[in-house]
*Asks:* 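This is the structure I want to talk about, given as structure tokens.
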Amino acid sequence: MRRGFVTAFLAVLLAPSVHAQEAAEASVDADHIGIEDTLTLTVSVPEERGGAPALSALAGFEVLGSQRMSRTEIVNFQMTRATEWIYRLRPLAVGELTIPEIPVPGYQPTSPIRVRVEQGSLRPAAPDPFASPFSSPFSSPFGLGDPFDRLRRRDQPVPEVREEDVFIRAEAPDAEVRVGEQVLVLYRLWSRLPVFAAAPVELAQPEGFWTEEVELPDVPWQERGLSGSEIRERRSLPGPRRERRTLNGVAYETWPLLMRAVFPTGAGERELPGPRFEIGIEGARRSFFGPEQTVVVREAPAVTIRAEPLPEAGRPAGFTGAVGDYRLRAEVRRHGSALGDRTAAAGEALVLRVELEGNGNLRAAGTPVLPEEPETRRAVRFFDPDASSETGLREEGSGLAFGGRQIWEFPIVPEAGGVRNIAAVTLDVFNPRTGAYEELASDPLQIRVEGAPLAAPGTEGPVGVERFGEDIRYLKPVGPATGPPAGPWRPGALFGLSLALPVLWNLGLLAVRRRRAWREANPAEFRRLRAARDAQRALSRVAGDGPEAAARVGDALTEYAAARLGGSRHGFTPESVARRLEDAGAAADAARRFRALLSRSEGARFAASGGAGQAGSDAKEAAELVRELEAQLGRRGDAG
């Protein structure tokens with residue numbers, strides 16, 4: 001008992017030390033960059049135990065921004081959590097730089113990381129400034145567009161995707177069929193990498209086949225934007241599902257991408273070409289903007305289908321090409337009432353509803369044959385039907401089949417009262433299950449017509465015409481105010497301006513686009529060109545003579561020097577700034593005055609009340625000095 005208590009007590013005491021031995025992890029998105037590029041540093045720990053990492057000793061880099069993220073993953077019902085701090089860094093020098101060990105509370109420090117920095121930029125270029133001037137340089141405020149467009153850009157980190165990592169396979173029964181008989185072809189995606197989207201590039205109707213695309217129940221990215229009930233309804237459909245399969249000893253995650261019901265339209269051996277798919281892949285590395293992503297294109301293999309011709313023996317004269325395992329039924333109802341209501345007045349419209357249900361190409365089945373008996377034709381008039389269909393996958397025994405139902409609704413009008421017989425509706429089909437032709441027939445129907453035929457409007461005899469006014473009046477003759485123009489038409493200034501406005505608008509958009517692209521590709525040069533303007537604006541806003549005004553003067557001068565000479569304002573001293581100004585081509589007197597102004601503003605910032613009475617005059621002197629330096633440095637300000 002006592003020994004167990006001591007063991008538990010020691011375990012509690014040693015628990016923090018065990019945790020402390022666990023090391024934090026640090027990674028960068030590149031180890032070879034240019035001085036004009038940025039770097040993403042990620043520090044990751046299983047859980048936060050005492051605060052953020054300490055980056056105080058991060059020499060050689062400037063921190064541009066940071067972000068904290070918490071991530072939770074559930075794999076095989078096991079939950080794992082992680083906390084990440086993501087930093088955007090900018091290098092301050094060329095050469096071999098080292099990110100030192102980074103202390104993280106509750107963990108061992110991270111391992112050092114070496115980064116090689118060269119002149120210029122090694123990252124992908126900014127968007128092409130010479131793109132079409134007729135496309136807007138501004139992004140859509142609604143976020144619309146092609147979901148794959150962002151991934152096709154060159155400035156995305158691209159994971160390596162090999163052919164054996166992601167591919168498409170076609171699954172189809174290897175058997176001979178009859179012309180018009182269905183073949184279900186499934187295109188399944190096999191992937192060892194995380195997939196977040198997939199879509200066919202083009203789905204043309206192949207020559208020699210009639211095809212129908214089938215809705216599948218287990219394609220996750222096709223459920224985006226659906227409600228919960230719509231998703232449940234979709235997943236209840238029959239069809240192939242997402243599965244984990246093994247091929248040559250390698251485990252793959254597989255998704256059914258597309259299923260086609262294919263019906264050969266002619267006899268012989270034909271090749272069904274495989275469609276091409278765009279597949280979105282997520283890589284293992286993460287950047288400041290999320291996981292690396294790319295789009296690969298994979299083409300499914302072709303499928304060979306052999307079709308035998310339909311037999312000539314026993315072919316009915318009225319056969320129009322309907323192939324399938326079907327059932328035919330018919331019913332009559334009054335317009336707007338339920339089926340089975342077969343009572344109507346003479347001349348009142350009824351609906352003859354004919355339904356063809358079963359497995360096969362229902363859209364190519366043809367229209368059923370209406371009864372031709374003289375008794376039916378004398379008693380009832382038939383009109384052209386409205387057709388509709390519902391098709392999809394159906395469970396057929398232990399397998400699947402494509403089918404549904406095709407509905408025709410014939411408006412009919414009984415001509416006279418009494419009980420009227422409507423003979424059977426028929427359709428000749430070839431049933432591939434039995435291998436023989438069949439004549440489908442509905443049950444005969446009876447309708448009860450009450451009263452005598454209704455007379456059509458306007459058939460009672462001649463009707464007098466009521467006269468409402470005089471006949472058509474003649475047009476007035478041409479008056480003196482009309483006539484040929486006095487001279488040829490000449491466009492005015494307003495017409496010329498209306499023609500020039502679209503050209504000027506597009507030229508303006510092109511200029512904005514080019515300037516934005518240049519600014520993104522040359523941030524240091526853009527900053528240098530704006531240095532004097534920004535400094536003058538900041539100095540003009542200095543008001544009063546207190547410590548706060550002195551601080552503003554110092555900030556304006558320091559920011560001007562950093563932008564004009566290149567680099568970060570942190571670490572600048574009055575002496576180092578004066579030395580670099582002289583190296584860049586400034587006069588010694590101007591550099592000395594700059595150092596004096598900077599020293600005076602820094603001293604006045606921390607002076608007691610009343611000791612900073614020259615801030616207003618220093619601001620005016622600093623503005624004049626900036627103008628002098630601009631004239632002396634010219635375009636050589638970045639020489640240092």
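In what follows, every heavy atom counts, from backbone to side chain, and hydrogens, waters and symmetry copies are set aside.
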*Asks:* Salt bridge or not between Arg600 and Asp618? Use side-chain N to carboxylate O under 4.0 Å.
*Replies:*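 Counted as a salt bridge, because a side-chain N and a carboxylate O are separated by less than 4.0 Å.
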*Asks:* Just wondering, are more than 12 heavy atoms of other shown residues or ligands nearer than 6.0 Å to CD in Gln536?
*Replies:*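 It does: Gln536 CD has more than 12 such atoms within range.
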*Asks:* Would you call Asp589 and Arg593 a salt bridge, using N to O less than 4.0 angstrom?
*Replies:*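 Between Arg593 and Asp589 there is a salt bridge, with a charged N closer than 4.0 Å to a carboxylate O.
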*Asks:* Taking the side chain from Asp29 and the backbone from Thr40, do they hold a donor-acceptor pair closer than 3.5 Å?
*Replies:*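 Present.
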*Asks:* Cation-pi check for Trp255 against Arg188: NZ or CZ below 6.0 Å from the six-membered ring centre and within 45 degrees of the axis, yes or no?
*Replies:*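 The answer is no, since Arg188 fails at least one limit relative to Trp255.
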*Asks:* Do any N or O atoms from the side chain of Thr98 and from the backbone of Pro100 form a donor-acceptor pair under 3.5 angstrom?
*Replies:*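 It does not hold such a pair.
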*Asks:* Can you check whether Glu36's main-chain N or O pairs, donor with acceptor, with Ser121's side chain at less than 3.5 Å?
*Replies:*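 Side chain of Ser121 to backbone of Glu36, a donor-acceptor pair under 3.5 Å: no, none is there.
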*Asks:* Mark yes when over 12 heavy atoms from residues, nucleotides or ligands other than Arg245 sit less than 6.0 Å from its CZ; otherwise mark no.
*Replies:*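 Enclosed: over 12 neighbouring heavy atoms sit under 6.0 Å from CZ of Arg245.
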*Asks:* For Val295, is there any backbone N or O sitting under 3.5 Å from a side-chain donor or acceptor partner on Glu278?
*Replies:*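 No: the side chain of Glu278 does not pair with the backbone of Val295.
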*Asks:* Give a yes or no on whether the ring-centroid distance for Phe167 and Phe277 is below 6.0 angstrom.
*Replies:*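 Not close enough - the centres of the two rings lie 6.0 Å or further apart.
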*Asks:* Taking the side chain from Asn506 and the backbone from Pro502, do they hold a donor-acceptor pair closer than 3.5 Å?
*Replies:*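 Between the backbone of Pro502 and the side chain of Asn506 there is a qualifying donor-acceptor contact (under 3.5 Å).
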*Asks:* Just wondering, more than 12 heavy atoms not from Asp31 lying within 6.0 Å of its CG?
*Replies:*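 Not more than 12 within 6.0 Å, no.
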*Asks:* Does some side-chain heavy atom of Thr42 sit less than 4.5 Å from a side-chain heavy atom of Tyr87?
*Replies:*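 Not touching, per the 4.5 Å side-chain cut-off.
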*Asks:* If you measure from the Lys or Arg side-chain nitrogens to the Asp or Glu carboxylate oxygens, is any gap between Arg627 and Glu630 under 4.0 Å?
*Replies:*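 So Arg627 does not pair with Glu630 through a salt bridge.
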*Asks:* I'd like to check Ile279 versus Arg298 (side-chain heavy atoms, cut-off strictly below 4.5 Å). Are they in contact?
*Replies:*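 Ile279 vs Arg298: side chains touch.
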*Asks:* Going by side-chain hydrogen bond (donor to acceptor under 3.5 Å, both in side chains), name the residues that satisfy it together with Arg192, two or more places apart in sequence or in a different chain.
*Replies:*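 For Arg192, the residues satisfying side-chain hydrogen bond (donor to acceptor under 3.5 Å, both in side chains) (neighbours in sequence not counted) are Asp165.
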*Asks:* Please check: side-chain N/O of Ser498 versus main-chain N/O of Phe495, any donor-acceptor pairing under 3.5 Å?
*Replies:*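 Here the side-chain-to-backbone pair exists.
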*Asks:* So, are Glu582 and Arg580 salt-bridged, with charged N and O less than 4.0 Å apart?
*Replies:*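 Answer for the salt bridge query: no.
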*Asks:* Check for a donor-acceptor pair, side chain of Ser540 on one end and backbone N or O of Arg537 on the other, with a separation under 3.5 Å.
*Replies:*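 Yes; judged by distance alone, with no hydrogens or angles, the pair exists.
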*Asks:* Between Arg242 and Glu253, is there a salt bridge with N-O shorter than 4.0 Å?
*Replies:*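 Salt bridge present between Glu253 and Arg242.
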